[in-house]
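Notes follow the structure.
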Amino acid sequence: MPEPSEPALRRLSHDLLARYQKGTRPVRDWRTTTNVAIDLMVYAILSVDEKNQVLTTYIWYRQHWTDEFLKWDPARFDNLTQISLPVESIWVPDILINEFVDVGKSPHVPYVYVSHHGEVQNLKPIQVMTACSLDIYNFPFDVQNCSLTFTSWLHHIRDINLSLWRQPELVKFDRSVFMNQGEWELLYVLSHFQEFSVKSSDSYAEMKFYVVIRRRPLFYTVSLLLPSIFLMVMDIVGFYLPPHSGERVSFKITLLLGYSVFLIIVSDTLPATAVGTPLIGIYFVVCMALLVISLTETILIVRLVHKQDLQPHVPAWVKHLLLERATILLCIRDRKKFSQSTMESLDTSRQVENNDSTAKLTPYVCEDPRECGAVGGTRSALAFAGRAEGSAALQEVLRETTAIRQLLEKREEFRDVAREWLQVGYVLDVLLFRAYLAAVLAYSITLGTLWSVWRDA
């Protein structure tokens, strides 16, 4: 027996633990159910491993229950109503988290508080590494919902029952201890109690806490989305380069190479899972496909604009669709005025060649009348002598003139073909540009709407 002069704390501790059996559930009647009230507060989100589907959190966990063998009269112990006892010396419920995948680096708390009514309070911080089904489709505007299921691993509900320490509304919006400076922000914590059984065996009590967190997207918006948007805008601006120059092709090839390097750089930033691909990854692939389509369209237009002499005549259905219907659709009302600006180079070269041909075919005209008379007399004198020879020479001149005429007609035909294909090329360029612009705008509006809805959800 302890001496009366011994301090009250030591006397109470010795009195409580002298004949205490920690291996037995602390009830005097075995039919009595031990009710364990639990509570948690999220302190920090340490990491979210999308590849391994693991969430690491740091929580403050609290639980209390009634131990019928740890009661005393405060009057006998200097009005002492509460005492701390070593946790290894008393019975503790086997409450575990079902989603545990690894033991975290949690500090060890060696004591529990016990009140004179037998109520035991066990408060401890826990680093929790749990399995969680992470959905990254909405990255970087994703919201994750991970559960923490507390249950007794051995005792069924008739031995140990679980309840919530505080009201669900207080648990839901409690951010009093949460460190709100990381990548993730805590939205709320939901709680739910349920019973479950395995193969028609005894039921077990479990308390579920749903930790709902949301990613802050600002970093990923600046480092991933904005550079991609700028490159796509530059691709659209590249359509205003003249299609008959080769600068547009080299410009778009440079953009395509730059976007490829950009994807290589950001590949490590995107979350990788074997379950699915985030929408932003699909967005990058579609942007790459749009750049390839833009380059293909540019090559097609350049092919139509250059080397027109090798082209056949424009088919009638192409003229009807592009030079008649498409010009109306594209609000090109004066087609001749539209084609005039595209044919300046051909018209200039045509004028130069016509001047050269005219100079070659124009006969000699004398300026002095006496010279003209002398020439006329000479021609009259030689007319009779050279009649036979003149007939053969005249036929040769006619053949040369006919050949020159056919050559000029052929060149005129080539110019007409070139003119038609140039008109087709420019109209098709405007048509494809507007279709490409409409596709990019529709795609951007759709993604922007989806991400805005997810961001505000």
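In what follows, every heavy atom counts, from backbone to side chain, and hydrogens, waters and symmetry copies are set aside. Computed from a predicted structure; not experimentally measured.
Summarising the geometry of Ser106 relative to Gln127, their closest heavy-atom pair is OG-N, 2.7 Å, with the distance given to 0.1 Å. For Leu55 against Ser47, the heavy-atom pair with the smallest separation is CD1-O, 3.7 Å. Among all heavy-atom pairs drawn from Thr34 and Trp65, the shortest one is CG2-CB, 4.3 Å. Between Val222 and Leu226 the shortest heavy-atom distance is O-CB, 3.9 Å. Of all the heavy atoms in Leu80 and Trp72, the pair that sits closest is O-NE1, 2.7 Å. Of all the heavy atoms in Ile90 and Leu85, the pair that sits closest is CG2-CD1, 4.3 Å.
For Glu247, the CD atom sits in a loose shell: 12 or fewer heavy atoms of surrounding residues, nucleotides or ligands are nearer than 6.0 Å. More than 12 heavy atoms of other residues, nucleotides or ligands shown are found within 6.0 angstrom of CZ on Phe196. Other residues, nucleotides and ligands contribute only 12 or fewer heavy atoms inside 6.0 Å of the OH atom of Tyr43. Counting heavy-atom neighbours within 6.0 Å of Arg175 CZ, excluding the residue itself, gives a total above 12. Applying the 6.0 Å contact sphere to CD of Gln167 captures no more than 12 heavy atoms from other residues, nucleotides or ligands. Tyr111 OH: 12 or fewer foreign heavy atoms inside a 6.0 Å radius.
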Using side chain to side chain contact (heavy atoms under 4.5 Å, CB included), reason through Met232 and Leu291 one step at a time and then give a plain yes or no. CA-CA 8 Å; Met232 294 303 297; Leu291 290 176; 4.0 Å; yes
List the steps and the verdict of salt bridge (Lys or Arg N to Asp or Glu O under 4.0 Å) for Arg10 and Asp15. CA-CA 8 Å; Arg10 296 185 62 182; Asp15 184 75; over 6 Å; no
Where do Asp142 and Asp135 land on the side chain to side chain contact (heavy atoms under 4.5 Å, CB included) test, with the steps shown first? CA-CA 7 Å; Asp142 50 332; Asp135 184 10; over 6 Å; no
Assess the residue pair Tyr220 and Glu183 against the criterion (side chain to side chain contact (heavy atoms under 4.5 Å, CB included)); give the C-alpha distance rounded to whole Å, side-chain angles, the decisive distance to 0.1 Å, and a yes or no. CA-CA 11 Å; Tyr220 299 99; Glu183 179 183 354; 2.8 Å; yes
Test side chain to side chain contact (heavy atoms under 4.5 Å, CB included) on Asp39 and Arg166; report intermediate values, then the result. CA-CA 7 Å; Asp39 184 26; Arg166 297 182 295 168; 2.9 Å; yes
Kindly determine whether Glu297 and Arg434 satisfy salt bridge (Lys or Arg N to Asp or Glu O under 4.0 Å), including the steps that lead there. CA-CA 12 Å; Glu297 183 268 344; Arg434 295 189 182 181; over 6 Å; no
Side chain to side chain donor-acceptor pair (under 3.5 Å) assessment of Ser197 paired with Tyr204: CA-CA 6 Å; Ser197 60; Tyr204 294 85; over 6 Å; no
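A heavy-atom distance below 4.5 Å is found between the side chains of Val440 and Tyr436. Side-chain contact check for Asp268 versus Val266: every heavy-atom pair is 4.5 Å or farther apart. By the 4.5 Å heavy-atom criterion applied to side chains, Leu187 and Ile213 are not counted as neighbours. A heavy-atom distance below 4.5 Å is not found between the side chains of Asn138 and Leu279. Taking 4.5 Å as the limit, every side-chain heavy atom of His116 sits out of range of all side-chain heavy atoms of Asp73. In this structure the side chain of Asn35 never reaches within 4.5 angstrom of the side chain of Thr66, judged on heavy atoms. For the pair Thr130 and Ile97, the minimum side-chain heavy-atom distance is below 4.5 Å. Between Arg216 and Leu218 there is no side-chain heavy-atom pair separated by less than 4.5 Å.
Between the side chain of Ser223 and the main chain of Phe219, a donor-acceptor pair closer than 3.5 Å is present. Looking at Asp94, its side chain never comes within 3.5 Å of a backbone N or O of Leu96 through a donor-acceptor pair. A donor-acceptor pair is defined here as one N or O able to donate and one able to accept, closer than 3.5 Å; no such pair exists between the side chain of Thr24 and the backbone of Gln21. Of the possible polar contacts, one joining the Glu68 side chain to the Arg28 backbone as a donor-acceptor pair under 3.5 Å is found. Using a distance-only test at 3.5 Å, with no hydrogens or angles considered, no donor-acceptor pair links the side chain of Ser228 to the main chain of Leu225.
Between atom CZ of residue Phe139 and atom CD of residue Gln144 there is a gap of 11.0 Å, rounded to the nearest 0.5 Å. Taken from CG in Leu9 to CZ in Phe77, the straight-line distance is 11.0 Å, to the nearest 0.5 Å. Atom-to-atom distance recorded for Leu12:CG and Gln82:CD is 11.5 Å, nearest 0.5 angstrom. If you take OG on Ser152 and CD1 on Ile157, they are separated by 10.5 Å, rounding to the nearest 0.5 Å. Atoms CZ and OH, from Arg214 and Tyr188 in turn, are 9.5 Å apart once rounded to the nearest 0.5 Å. The CD1 atom of Ile253 sits 9.5 Å away from atom OG1 of Thr298, with the distance rounded to the nearest 0.5 Å.
Salt-bridge check for Lys51 with Asp49: failed, with every basic side-chain N at 4.0 Å or more from each acidic carboxylate O. The pair Asp78-Arg11 fails the salt-bridge criterion, with no side-chain N (NZ, NE, NH1 or NH2) lying under 4.0 Å from an Asp/Glu carboxylate O. No salt bridge links Glu195 with Arg158; every basic N to acidic carboxylate O contact stays at or beyond 4.0 Å. A salt bridge does not link Lys22 to Asp67: none of the charged nitrogens lies less than 4.0 Å from a carboxylate oxygen.
Side-chain rings of Phe150 and Phe209 approach one another, their centers coming within less than 6.0 Å. For Tyr259 and Phe262, the distance between ring centers is under 6.0 angstrom.
With no hydrogens or angles considered, no side-chain donor-acceptor pair links Tyr113 and Asn122 at under 3.5 Å. Thr33 and Asn161 share no side-chain donor-acceptor pair at under 3.5 Å.
Geometric assessment of Arg62 against the ring of Trp165 yields a positive cation-pi assignment under the 6.0 Å and 45° thresholds. Under the 6.0 Å distance and 45° angle rule, Lys252 counts as a cation-pi partner of Phe239. The cationic group of Lys124 does not satisfy the cation-pi geometry with Tyr61, failing either the under 6.0 Å distance to the six-membered ring centre or the 45° limit from the ring axis.
Partners of Thr149 according to the side-chain contact (heavy atoms from CB on, under 4.5 Å) rule, which considers only residues two or more places apart in sequence or in another chain, are Asn98, Glu99, Ser147, Glu206, Lys208.
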